[in-house]
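Encoded as structure tokens, the structure appears first; notes follow it.
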Amino acid sequence: MKGPDDRGRFGPYGGAFVPEVLVPELRFLQEAFNSAWADEAFRARYHRILKDFVGRPTPLTFASRLTLALGGARIYLKREDLCHTGAHKVNNAVGQILLARRMGKARIIAETGAGQHGVATATVAARFGLECTVHMGVEDMRRQRLNVDRMRLLGAEVRPATSGTRTLKDATNEAIRDWVSHPRESYYLIGSVVGPHPYPVMVRTFHRIIGDEAKRQLIDAEGRNSPDMAIACVGGGSNAIGLFFPFLVDRSVRLVGVEAAGEGLDRRHAATLSCGTPGVLHGALSYLLQDSEGQVQPAHSISAGLDYPGVGPEHAFLKDLGRVEYVTATDREALDAVKLLSRTEGIIPALETAHAIAALMRMAPDMAVEQVIVLNCSGRGDKDMNIISKEDVAI
Amino acid sequence: MSRFRAVLDGIRQRRAKAMGLFVTNGFPSLDATVPILHALDRGGADFLEIGMPFSDPLAEGLPIQRSSAHALAHGVRIVDAFHSARAFRKHSETPLVLMGYINPILQYGVSNFCEAARSSGADALIIPDLPLEEAELVEEPARAHALDTIFLMAPNTSDERVRAIDQRTSGFVYAVSVTGLTGSRLHHQMDVVGEYLARARRLVSRNPLLVGFGIHNAAAARQLCRHTDGFIAGSALVDIIESAWCDRRLRLGDRLALVEQFARRLASGRES
């Protein structure tokens, strides 16, 4: 279950379906990552930056009024929204930028959807004095204006991706093309557990701290080291893997990933695991929203961070194994969930996170009051205020 | 030995160079593709590549991205590549290579794809996102249907890996001229490209070696061919086709004449 094998396969999924130019680069990356992660000094540095710069450990907050409102299991929120830059994404950005420096790279390339990974990357690039180019779909630049301004203020170049659907998929295409064109000096800092090997395993490694901390914190809070259920939203799947990973071996923990059902599963959506089929996108074999011809189909979600037709290969494997349940929440349900969390807990969640809350609203009431749920509160909602106030007339 | 390899070997024995020309299937329309292939054939192509469009073509620069998106928007499907190949094959023996990304081939079914490709007259496959490590998916079905599988090498490919590519490829070794996308501009870095191709020449001993990516004119072709058995052009042709079909004053015959003429000019790059 720990995976992947040395070819980067999680069961049948993963691998590295990339142009030849990237094969040597991925090998260098894997060697550098293996040697860095085996190096105590590197890990100490990573943990020190997470503490001093990111503000870890993030709290595990008991959501008392939400628990009361839903009338079921006791709900804890893993507060990744309190990370510097406002989302879990920075854990991975810190790890990878340390790796980029260790590899002697001068320039960072990233893709971003909602802008949270772009902001996290621009932030660590500024912190370490590296040049940074963030590729972002023009549609997302419009939806997430605040994050575009943040990235620019941090000194990053935000390069508009104008091809295809002009969202995260196309920003990722452009980032990979940038890397293909400048492999020697550039480091591609991917933002989720997607892409060719070794990215999925590397990004998981840099995010597992979410679950590791939650496990320790549950002992203090509840006197137990695992919850009955852990739940997180899934776009590419990085915050979900980060929370789930330490609990994968513990079969008593029910794991739930929540995908974006957009306007509904019979209309436009981004529910890759729920509705997709296996295929290759961005260098990995995983589930994919595609037509019968193998052309990738546009995804849709109100949340730019979930608006992606692919998903990490480890999630594909976990789905097939039945170890993680993948459910969905619609745009409308996510908006309702934003309001509920804001008004019961005084926490405005990101629209991505709100999908997990929406599924929680359906599931928690059916659980017993002594049961415990940990929800990954993966990001804060400031960036989404335009969308929320526009969509939700009843605000 | 394959028919395709025999053609390339024959060119090499004559101490000549090979020219391969690429077009995106269904660009600007399916009706135009076969006449364009014949125009290129008349213009002197030694083999032709039919590009099967994909929604997310990672190794392509803007011309082939645009032509692929256009073709898909007009409903071009995988079977259309077989139709184009078969229609072309009725009137010409010039070898045909199908170029496409792995996902559509996977969805079609690799074995069915290879069977249909072969029966429609294709000789070889190029799959730019299928490096050696993932290639077993395709190699066996391709071999079973007598299709060559052409692997690519790049400037950052190690000597050891170039030798491995030379072992596994069939047809020829495709040397990507730069670490970059199709249609990259080469003119500032001709010396560097030349050194890299000289290294490739020393290492590739079992197969013909052809260079592609960024060859826009006969001068570039001539310069790079010094180290190789030939060259491939694609983006430059897509550009020519685009401008010929955008010019509303031209009739089909005029457009095809422009394409043929461009091929003929590029072909002069084969001569030293």
Side-chain angles (χ1 to χ4, degrees), chain A residues 6-9 12 14-28 161-165 169-186 195-197 276-286 288-298 309-310, chain B residues 52-62 65-66 68-69 71-73 75-80 100-109 113 127-137 151-158 160-162 164-165 173-176 178-182 184 213:
Chain A
D6 55 7
R7 290 173 62 207
R9 295 289 180 145
F17 296 85
V18 293
E20 177 62 28
V21 174
L22 295 184
V23 173
E25 305 305 320
L26 289 167
R27 192 161 298 168
F28 295 146
T162 55
S163 58
T165 53
K169 169 178 83 81
D170 308 284
T172 307
N173 287 340
E174 293 307 326
I176 295 173
R177 287 179 184 133
D178 188 341
W179 192 28
V180 166
S181 304
H182 308 96
R184 285 191 185 87
E185 66 276 26
S186 301
H197 182 59
T277 50
V280 173
L281 176 66
H282 297 147
L285 177 66
S286 184
L288 188 57
L289 296 179
Q290 59 185 329
D291 66 13
S292 59
E293 288 278 305
Q295 306 298 342
V296 182
Q297 293 299 290
Chain B
M52 300 177 289
F54 178 50
S55 55
D56 296 83
L58 285 180
E60 311 302 339
L62 285 174
Q65 283 180 43
R66 271 203 309 269
S68 302
L72 290 175
V76 172
R77 304 175 57 204
I78 294 183
V79 290
D80 295 316
Y101 287 75
I102 186 66
N103 194 52
I105 296 172
L106 280 182
Q107 303 311 320
Y108 194 90
F113 176 86
I127 306 173
D129 58 348
L130 195 77
L132 292 185
E133 288 74 7
E134 306 291 355
E136 55 193 42
L137 264 175
F151 291 105
L152 295 88
M153 61 172 289
N156 58 347
T157 308
S158 68
E160 185 196 355
R161 194 173 164 82
V162 174
I165 290 168
V173 171
Y174 190 139
V176 173
V178 285
T179 51
L181 308 173
T182 52
S184 297
F213 280 39

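Order of the sequence lines fixes the chain letters, A, B, ..., with proteins taken first and strands second; residue numbering starts at 1 for each chain.
Heavy-atom pairs under 4.5 Å with chain B were tallied for A:Ser292, A:Gly283, A:Pro19; the largest tally goes to A:Pro19. Your options are A:Val23, A:Ile176, A:Leu285, and the one with the most heavy-atom pairs under 4.5 Å with chain B is A:Val23. Ranking B:Leu72, B:Ile105, B:Val176, B:Leu62 against chain A, the residue ahead of the rest is B:Leu72, based on heavy-atom pairs under 4.5 Å. Of the listed residues (A:Ser181, A:Gly164, A:Gly15), the greatest number of heavy-atom pairs within a distance under 4.5 Å of chain B belongs to A:Ser181. Contact count versus chain A (heavy atoms, under 4.5 Å) is highest, among B:Gly180, B:Ala154, B:Ser184, for B:Gly180. Chain B forms the most heavy-atom pairs under 4.5 Å with one residue out of A:Arg184, A:Glu25, A:Gln290, A:Glu20, and that residue is A:Glu20.
With a 4.5 angstrom heavy-atom cutoff, A:Glu174 touches chain B only via side-chain atoms. Looking at B:Pro53, only its backbone comes within 4.5 Å of chain A, counting heavy atoms on both sides. Looking at B:Ile165, only its side chain comes within 4.5 Å of chain A, counting heavy atoms on both sides. Only the side chain of B:Arg161 comes within less than 4.5 Å of a heavy atom in chain A; its backbone stays farther off. Heavy-atom distances place both the backbone and the side chain of B:Leu181 under 4.5 Å from chain A. With a 4.5 angstrom heavy-atom cutoff, B:Leu106 touches chain A only via side-chain atoms. Interface remark: B:Ile127 contributes no atoms to any contact with chain A (heavy atom separation under 4.5 Å). The parts of B:Pro131 that come within reach of chain A are both its backbone and its side chain, each placing non-hydrogen atoms under 4.5 angstrom from that chain.
Judged by distance alone, the side chain of A:Gln297 and the main-chain N or O of A:Pro309 form no donor-acceptor pair under 3.5 Å. At least one donor-acceptor pair under 3.5 Å links the side chain of A:Arg9 to the backbone N or O of A:Pro12.
Residues meeting the side chain to side chain contact (heavy atoms under 4.5 Å, CB included) test with A:Ala16, sequence neighbours left out: A:Leu26, A:Pro196, B:Glu134. Scanning for side-chain hydrogen bond (donor to acceptor under 3.5 Å, both in side chains) contacts around B:Gln65 gives A:Arg177, with sequence neighbours left out.
Aromatic ring orientation, B:Tyr101 versus B:Phe54: parallel (interplanar angle below 30°, classes split at 30° and 60°).
Shown here is B:Glu160, whose CD atom has no more than 12 heavy atoms of other residues, nucleotides or ligands within 6.0 Å.
Across A:Arg7, A:His197, A:Arg27, a single residue satisfies side-chain hydrogen bond (donor to acceptor under 3.5 Å, both in side chains) together with B:Glu133, and that is A:Arg27.
At a cut-off of 3.5 Å, with distance as the only test, a side-chain donor of A:Asp170 or A:Thr165 sits close to an acceptor on the other residue.
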*Residue pair B:Asp56, A:His282: steps toward the side-chain hydrogen bond (donor to acceptor under 3.5 Å, both in side chains) verdict*: CA-CA 8 Å; B:Asp56 296 83; A:His282 297 147; 4.7 Å; no
